[in-house]
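Notes follow the structure.
All values derive from a computational prediction rather than experimental measurement.
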Amino acid sequence: QVQLVESGGGLVQAGGSLRLSCAASGNTFSRNAVGWFRQAPGKERAFVAAIGWSGANTYYADSVKGRFTISRDNAKNTVYLQMNNLKPEDTAVYFCAARANIVVRTTTDEYAYWGQGTQVTVSS
């Protein structure tokens, strides 16, 4: 079992930055692929970014490419999402999720472990 806790959300003006953190406890997740997803009101949960176990492979939704960066520090059991040049359409609850293996995927049903989410609100 892996327990995930997100932090770092908040209210920011358009063009600003936030860094989300996802801290894992329980079994180490250094061998797990990890992803970030987001869910806006009235919308389905959507893929944002994912990272392989070593950090060498990263994947992004087209809507965040060039603005968001996913990274991980396995020594700290933490994955980060650096979000720059935020836009109002980035407003959502952001979830961290871990797979049960090292293979990166971009769909919600491929992830076994989920955090409780952190709210990101971008004002115009």
Side-chain angles (χ1 to χ4, degrees):
Q1 283 282 0
V2 176
Q3 292 81 43
L4 304 173
V5 178
E6 303 95 335
S7 61
L11 173 64
V12 64
Q13 289 188 333
S17 298
L18 285 173
R19 189 176 81 155
L20 305 183
S21 298
C22 173
S25 60
N27 290 344
T28 179
F29 80 160
S30 63
R31 290 287 179 171
N32 299 80
V34 176
W36 284 97
F37 294 79
R38 66 186 181 187
Q39 188 166 18
K43 295 188 176 181
E44 293 187 353
R45 196 168 297 187
F47 170 74
V48 175
I51 189 166
W53 70 273
S54 71
N57 299 319
T58 57
Y59 304 83
Y60 298 93
D62 288 342
S63 58
V64 306
K65 278 182 184 175
R67 300 188 299 122
F68 291 11
T69 302
I70 188 171
S71 61
R72 68 190 298 164
D73 184 340
N74 287 337
K76 295 182 178 180
N77 272 359
T78 302
V79 171
Y80 305 97
L81 185 67
Q82 177 67 45
M83 306 186 295
N84 298 328
N85 190 22
L86 283 160
K87 304 175 181 181
E89 52 264 41
D90 294 318
T91 295
V93 177
Y94 283 71
F95 297 89
C96 171
R99 299 206 68 225
N101 57 54
I102 65 173
V103 181
V104 178
R105 291 288 185 264
T106 61
T107 56
T108 57
D109 58 355
E110 299 276 7
Y111 284 78
Y113 309 106
W114 290 84
Q116 83 290 347
T118 185
Q119 176 71 48
V120 171
T121 303
V122 184
S123 62
S124 57

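Hydrophobic clustering, with ILVMFWY side chains joined whenever heavy atoms are under 4.5 angstrom apart, keeps Val48 apart from Tyr59.
The backbone N or O of Ser123 sits nowhere less than 3.5 Å from a side-chain atom of Gln13 that would complete a donor-acceptor pair. Looking only at distances, a side-chain donor or acceptor of Thr78 sits under 3.5 Å from a matching main-chain atom of Lys76. Between the side chain of Arg45 and the backbone N or O of Phe95, no donor-acceptor pair lies under 3.5 Å.
Note that CG of Asn32 is 7.5 Å distant from CG of Asn101, once rounded to the nearest 0.5 Å. Distance check: Arg38 CZ to Glu44 CD gives 14.5 Å after rounding to the nearest 0.5 Å.
Ring centers of Phe37 and Trp114: under 6.0 Å apart, within the cut-off.
The nearest pair of heavy atoms linking Leu4 to Cys96 is CD1-O, 3.7 Å. Closest heavy-atom contact between Ser124 and Pro88: CB-CG, 3.8 Å. Considering all non-hydrogen atoms of both residues, Asp90 and Arg67 come closest at OD2-NH1, 2.7 Å. Smallest separation of non-hydrogen atoms from Tyr60 and Ile70: OH-N, 2.9 Å. Between Ala33 and Val103, the closest heavy-atom pair is CB-O, 3.5 Å.
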Inset, instruction - Check step by step if side chain to side chain contact (heavy atoms under 4.5 Å, CB included) holds for Gln1 and Tyr113. - result: CA-CA 8 Å; Gln1 283 282 0; Tyr113 309 106; 3.4 Å; yes
Inset, instruction - Starting from the C-alpha separation in whole Å, work towards a yes-or-no answer on side chain to side chain donor-acceptor pair (under 3.5 Å) for Tyr111 and Arg99. - result: CA-CA 5 Å; Tyr111 284 78; Arg99 299 206 68 225; 5.5 Å; no
Inset, instruction - Apply side chain to side chain donor-acceptor pair (under 3.5 Å) to the pair Ser17 and Asn84, showing each step before the final yes or no. - result: CA-CA 4 Å; Ser17 298; Asn84 298 328; 2.9 Å; yes
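Contact annotation: the side chain of Asn77 never approaches that of Ser25 to less than 4.5 Å [non-hydrogen atoms, C-beta and beyond]. Using a 4.5 Å cut-off on side-chain heavy atoms (C-beta onward), Tyr94 and Met83 make contact. With contacts defined as side-chain heavy-atom distances shorter than 4.5 Å, the pair Leu81/Phe68 qualifies. Between Leu20 and Thr118 there is a side-chain heavy-atom pair separated by less than 4.5 Å. Between Trp36 and Val79 the shortest side-chain heavy-atom distance falls below 4.5 Å.
For the side chain to side chain contact (heavy atoms under 4.5 Å, CB included) with Leu18, the qualifying choice from Val122, Thr121, Leu11, Val12 is Val12, the only one to do so.
Both the sub-6.0 Å distance and the 45° axial angle are satisfied by Arg19 relative to the ring of Tyr80.
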